[in-house]
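The chain is numbered in sequence order, starting from 1.
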Amino acid sequence: MTLENVSNIEGLFEVINTCKGNVELVSEEGDKINLKSRLAQYLTIAGVFAHGYARELELIIEDPDDMNKIMEFIVSGESTE
């Protein structure tokens with residue numbers, strides 16, 4: 001799944017933290033980073049989101065229910081409410 005122009009980074013991680021399965025960020029080099037890890041989230045924020053938003057994120061989401069959660073978040077305008 002590719003997400004574009006994500007501006008609510010903290011909200012995205014809140015949704016990811018509620019996911020049952022693994023959610024991984026795929027780097028440009030093909031490395032997979034487990035986004036359910038708090039350390040990985042902090043490092044991702046520092047690197048990928050240095051400009052306040054992420055232009056494009058490639059995610060691997062194991063559980064279809066988790067994919068629906070993330071899609072609902074994006075479709076709702078990145079709102080966690």
Once you round to the nearest 0.5 Å, how far does CG of Leu12 lie from OG of Ser7?
-> 10.0 Å
Glu14 and Asn8 side chains, donor-acceptor separation under 3.5 Å = no
Any side-chain heavy-atom pair from Ile16 and Asp66 closer than 4.5 angstrom?
-> no
Nearest 0.5 Å, what's the CD1-CD distance between Ile74 and Glu72?
-> 11.5 Å
For the pair Lys20 and Asp65, find out whether any cationic side-chain nitrogen is under 4.0 Å from an anionic carboxylate oxygen.
-> yes
Nearest heavy-atom pair of Thr18 and Val15: which atoms, and what distance?
-> OG1-O, 2.7 Å
Criterion side-chain contact (heavy atoms from CB on, under 4.5 Å) on Gln41 and Asn17, from CA distance to verdict | CA-CA 10 Å; Gln41 289 178 358; Asn17 289 337; 2.8 Å; yes
With sequence neighbours excluded, tell me which residues meet side chain to side chain donor-acceptor pair (under 3.5 Å) with Asp63.
-> none
If you group Ile, Leu, Val, Met, Phe, Trp and Tyr by side-chain heavy-atom gaps below 4.5 Å, do Val26 and Leu35 land in one group?
-> no
Once you round to the nearest 0.5 Å, how far does CD of Glu24 lie from CG of Leu59?
-> 9.5 Å
Are Asn22 and Asn34 close enough that some pair of their side-chain heavy atoms sits under 4.5 Å apart?
-> yes
Would you give the length of the straight line joining atom CD of Glu58 to atom CG of Leu25, rounded to the nearest 0.5 angstrom?
-> 9.0 Å
Evaluate side-chain contact (heavy atoms from CB on, under 4.5 Å) for Ile70 paired with Leu3, printing each intermediate quantity in order.
-> CA-CA 10 Å; Ile70 293 172; Leu3 303 179; 4.2 Å; yes
Can you check whether Val23 reaches Ile60 side chain to side chain, under 4.5 Å on heavy atoms?
-> no
With a cut-off of 6.0 Å (strictly less than), are more than 12 heavy atoms of other residues, nucleotides or ligands near CE of Met1?
-> yes
